[in-house]
Amino acid sequence: MATSRTSAPVLIVGSGPAGLTAALYAARANLQPIVLEGTEAGGQLMLTTEVENYPGFPTGILGPELMGKMREQAERFGAEFVRADATKVELAGPPFRAWVEDVEYTGKALIISTGAKAKMLGLPGERQYLGRGVSTCATCDGFFYRSRELVVVGGGDSALEEATFLTRFATKVTVVHRRDRLRASKVMQDRAFANPKIEFEWNSTVTDVLGEQTVTGVRLRNVEDGSEKVLPVAGVFVAIGHTPNTDLFGGQVELDQAGYIVTPNPPSTATSVDGVFAAGDVVDHTYRQAVTAAGTGCAAAIDAERWLEAHGHDSGATTDNWD
Ligand code: NAP
């Protein structure tokens, strides 16, 4: 649904926990934000089931329900939402411009909260069982696999960190890696090799995720000799890296080597472009939690508010036609 306004003191691109918290704070500061929320609004939590580690929900909450509540809360204070993907941005501002096809939206300040997506293997079963045995977040879902056997796919720090974490719950965790050598740092390798619950399937790829209602196993293929086998497991954690959603911004704001937006003076969320702030997983290599994304979203809204104030914006003013 399109908003009636196309310009605002604060324009927000992205609607996961970071974008929605930024929208809530900006709205309560009377900055009437417009949020380009994307066609797949709500971010990565829309792909999860039960969320048990978001504070304030002692019995847990479904990911989509949590995002729905955050959106409702921001809307209550005047945030407006555009259910479409930004197709182009122009960061030579202020005002900063973003387009949805040929409709132009402007913000005197801009908050980027477009998130990241977990890289997936691209297997049909993987998509089918996402949230029902396939996961990309051990911290989020490990708890559901008490006394079960699991597979972690990948050979980097994430894979070994997830595998090590999962041994708190699982009886056995098999790391499936496509080579015979890990990419992970030595300290992580040492820790994993010393853990009696972790085993390795070297030179192997997952070729299929098997299941009924939920995952029951994976089919593995040895890349050296082509042999196949089925490993019966209750869960598959895909840990082959993340991709930040920054295609729109390349060349206009500083990105690091992996494509994440750089905020050079933390805890400030300011980017290399004055008046442009970034929050959530689009910045964060490290924590990638809904609650940390929400925290930086809050910080971005406060940073934007202070920046606007310093640049003569009166938040009591009417906000139409900023440019
Ligand atoms: P990463 O370092 O890029 O490792 C990805 C792993 O997945 C690699 O082992 C890679 O195999 C494998 N892989 C990639 N695509 C695959 C595919 N299609 N099929 C099968 N395997 C595939 O990613 P990451 O582990 O998420 O780490 C990202 C960054 O965050 C790194 O800089 C890492 O050090 C950092 N990190 C640090 C910590 C920590 O210090 N606590 C924790 C997590 C992450 P190859 O090795 O064959 O390429």
Side-chain angles (χ1 to χ4, degrees), residues 3 5 7-38 41-45 51 54-57 61 63 65-83 86 93-96 98 105-115 245 253 261 263 265-271 273-284 287-320 322:
T3 147
R5 290 184 296 127
S7 62
V10 175
L11 182 64
I12 298 171
V13 185
S15 65
L20 293 181
T21 307
L24 168 64
Y25 272 74
R28 292 193 77 251
N30 200 24
L31 296 171
Q32 293 143 301
I34 295 174
V35 185
L36 304 185
E37 63 178 336
Q44 295 176 77
L45 277 192
V51 178
Y54 200 88
F57 298 93
I61 183 167
E65 193 186 346
L66 176 61
M67 299 322 296
K69 283 181 184 290
M70 284 194 197
R71 188 183 187 283
E72 193 184 322
Q73 196 174 354
E75 213 167 17
R76 178 177 154 214
F77 294 102
E80 289 189 35
F81 291 85
V82 181
R83 188 64 181 260
F96 303 100
Y105 295 88
T106 60
K108 193 172 186 200
L110 177 71
I111 295 174
I112 301 171
S113 49
T114 44
N245 298 319
V253 64
I261 293 179
T263 51
N265 300 304
S268 168
T269 60
T271 68
V273 179
D274 195 29
V276 177
F277 304 86
D281 284 12
V282 76
V283 175
D284 177 12
Y287 302 107
R288 298 189 184 117
Q289 300 301 301
V291 69
T292 51
T296 56
C298 159
I302 293 173
D303 289 341
E305 183 190 0
R306 290 180 181 163
W307 184 87
L308 284 166
E309 240 172 56
H311 288 75
H313 173 65
D314 172 6
S315 60
T318 132
T319 56
D320 279 345
W322 257 97

Requested in this report: Assess whether side chain to side chain contact (heavy atoms under 4.5 Å, CB included) is satisfied between Val35 and Arg71, documenting all intermediate values.
Outcome: CA-CA 10 Å; Val35 185; Arg71 188 183 187 283; over 6 Å; no
Report task. Go through the steps for Leu45 and Met70 under the test side chain to side chain contact (heavy atoms under 4.5 Å, CB included), then give the verdict. Result -> CA-CA 12 Å; Leu45 277 192; Met70 284 194 197; 5.5 Å; no
Requested in this report: Could you please spell out the steps behind the side chain to side chain contact (heavy atoms under 4.5 Å, CB included) verdict for Tyr25 and Leu31?
Outcome: CA-CA 9 Å; Tyr25 272 74; Leu31 296 171; over 6 Å; no
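Atom CZ in Phe277 sits 11.5 Å away from atom OG1 in Thr263 (nearest 0.5 Å). One distance of note links NZ of Lys69 with CG of Leu20; it measures 14.0 Å at 0.5 Å rounding. Taken from CG in Asn265 to OG1 in Thr271, the straight-line distance is 10.5 Å, to the nearest 0.5 Å. Rounding to the nearest 0.5 angstrom, the gap separating the OH atom in Tyr54 from the CD1 atom in Ile61 is 10.0 Å. Atom CG of Leu24 is separated from atom CZ of Arg76 by 9.0 Å, given to the nearest 0.5 angstrom.
The nearest pair of heavy atoms linking His311 to Asp274 is NE2-OD2, 3.9 Å. A pairwise comparison of heavy atoms in Asp281 and Gln289 identifies OD1-N, 4.4 Å as the closest pair. Scanning both residues, Pro94 and Trp307, for their nearest heavy atoms gives CG-CH2, 3.8 Å. Closest approach of Ala74 and Ala23 over heavy atoms only: CB-CB, 3.9 Å. Contact between Ala293 and Pro17 at its shortest, heavy atoms only, is CB-CB, 4.1 Å. The two residues Ala300 and Thr269 make their nearest non-hydrogen contact at CA-OG1, 3.2 Å.
One N or O on the side chain of Arg5 and one on the backbone of Gln32 form a donor-acceptor pair closer than 3.5 Å. Counting only distance, with no hydrogens or angles, the side chain of Ser113 and the backbone of Gly280 share no donor-acceptor pair below 3.5 Å. Within the 3.5 Å criterion, the main-chain N or O of Gly42 finds a donor-acceptor partner in the side chain of Ser15. The main-chain N or O of Asn245 is found under 3.5 Å from a side-chain atom of Thr114 such that the two form a donor-acceptor pair. Under a 3.5 Å cut-off, the side chain of Thr21 and the backbone N or O of Cys298 do not form any donor-acceptor pair. Asp303 places no side-chain N or O within 3.5 Å of a backbone atom of Ser268 that could act as its donor or acceptor partner.
Shown are Leu110, Ile112, Ile111, Val276; of these, the side chain to side chain contact (heavy atoms under 4.5 Å, CB included) with Leu11 is made only by Leu110.
Residues Arg288 and Thr292 are not in side-chain contact: their nearest non-hydrogen atoms beyond the backbone lie 4.5 Å or more apart. Taking the side chain as every heavy atom from C-beta outward, Ile12 and Phe81 never approach each other to under 4.5 Å. With a 4.5 Å cut-off on side-chain heavy atoms, Asp284 and Thr296 do not count as touching. Side-chain contact between Lys108 and Ser7: absent, with no pair of heavy atoms (C-beta onward) separated by less than 4.5 Å.
Residue Phe96 places its CZ atom among more than 12 non-hydrogen atoms of other residues, nucleotides or ligands, all under 6.0 Å distant.
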